[in-house]
Q: 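Take a look at this one; I'll ask things after.
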Amino acid sequence: MSRVLSLLCGLAVIAGMSPAQWQRFGQAATGDGKLPAAKASSLAQEMVSAHNIVRARVGTAPLTWSDRLAGIAQTWADRLQASGQFAHSPNNDLGENLFEIAGAPATPSRVVNDWAGESRDYDYGSNTCRAVCGHYTQIVWNETKEVGCAVARGGGREVWVCNYDPPGNWAGKKPY
């Protein structure tokens with residue numbers, strides 16, 4: 001079975017950024033590059049809560065947080081931020097949602113609600129999308145049990161990455 005991947009169109013790509021011009025979510029400008037435990041915990045709680053609100057609407061079981069998936073997400077978010085690119089990670093065996101914003105910060109609720117907004121383009125009866133809906137279907141994918149997310153920010157740009165295990169969006173299969 002091939003997995004259907006979708007990509008959220010970026011708002012802006014900032015070229016020419018060096019790694020010294022960006023920082024991780026919650027990292028002080030003069031920080032050591034490590035995410036403070038309190039910020040990581042808050043991000044985890046907010047992301048899981050936002051995901052589970054969407055899942056509850058369709059009756060799928062709540063997700064749990066995975067530090068392993070969050071670490072993978074952080075590595076990819078950092079790489080995208082440093083390179084100024086916006087693309088899914090290659091050869092990834094996980095589900096993955098991406099979000100990019102420039103000029104204003106985002107919140108976990110805003111990120112997840114943006115993806116969840118794709119539900120208006122998804123028709124459950126025919127299991128088809130009128131436009132992009134793969135971010136939404138990954139959020140509500142019944143077999144998915146864990147999520148881990150991260151954000152890299154700097155230079156007026158944020159890149160958010162969430163990884164899901166087991167992955168969703170299998171061709172021909174309904175999400176729930």
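Note that these values count all heavy atoms, side chains included, but never hydrogens, waters or copies made by symmetry.
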Q: Is the shortest side-chain heavy-atom distance between Leu69 and Cys149 below 4.5 Å?
A: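 The answer is no, as the side chains (C-beta and beyond) never meet within the 4.5 Å cut-off.
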Q: Decide whether Asn169 and Thr137 meet the rule of one side-chain donor and one side-chain acceptor closer than 3.5 Å.
A: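 Distance-only check passes for Asn169 and Thr137.
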Q: Dump the intermediate steps for side-chain contact (heavy atoms from CB on, under 4.5 Å) on Leu98 and Val159, then the final yes or no.
A: CA-CA 7 Å; Leu98 303 177; Val159 177; 5.6 Å; no
Q: Taking side chain as C-beta onward, heavy atoms only, is Cys162 less than 4.5 Å from Phe99?
A: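 Answer no - side chains too far apart.
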Q: Got a sec, which residues hit side chain to side chain donor-acceptor pair (under 3.5 Å) with Tyr164, two or more places apart in sequence or on another chain?
A: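 Counting only residues at least two positions away or on another chain, Tyr164 forms a side chain to side chain donor-acceptor pair (under 3.5 Å) with His51, Asn97.
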Q: Side chains of Asp121 and Val132: does their closest heavy-atom pair fall under 4.5 Å?
A: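 A side-chain contact under 4.5 Å is absent here.
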Q: Are side-chain heavy atoms of Val58 and Tyr136 found at a separation under 4.5 Å?
A: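 Touching, per the 4.5 Å side-chain cut-off.
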Q: Report yes if the side chains of Asn52 and Leu63 come closer than 4.5 Å at any heavy-atom pair, otherwise no.
A: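 A side-chain contact exists here, since the closest heavy-atom pair is under 4.5 Å.
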Q: Of all residues at least two apart in sequence or in a different chain, which pass the side chain to side chain donor-acceptor pair (under 3.5 Å) check with Asn142?
A: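 For Asn142, no residue satisfies side chain to side chain donor-acceptor pair (under 3.5 Å) once neighbours in sequence are set aside.
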Q: Given side chains that start at C-beta, do those of Pro167 and Asp93 come closer than 4.5 Å, heavy atoms only?
A: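 Heavy-atom side-chain distance check fails, nothing below 4.5 Å.
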Q: Taking atom types as modelled, is there a side-chain donor on Ser49 or Gln45 under 3.5 Å from an acceptor on the other?
A: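 No.
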Q: Residues in side chain to side chain donor-acceptor pair (under 3.5 Å) with Arg68, at least two apart?
A: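 For Arg68, the residues satisfying side chain to side chain donor-acceptor pair (under 3.5 Å) (neighbours in sequence not counted) are Asp165.
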Q: Examine the side chains of Thr107 and Glu46 and answer whether a donor and an acceptor come within less than 3.5 Å of each other.
A: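 No, no side-chain donor-acceptor pair sits under 3.5 Å.
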Q: Using a strict cut-off of less than 4.0 Å between a Lys/Arg side-chain nitrogen and an Asp/Glu carboxylate oxygen, indicate whether Arg110 and Glu158 qualify as a salt bridge.
A: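 No salt bridge links Arg110 with Glu158.
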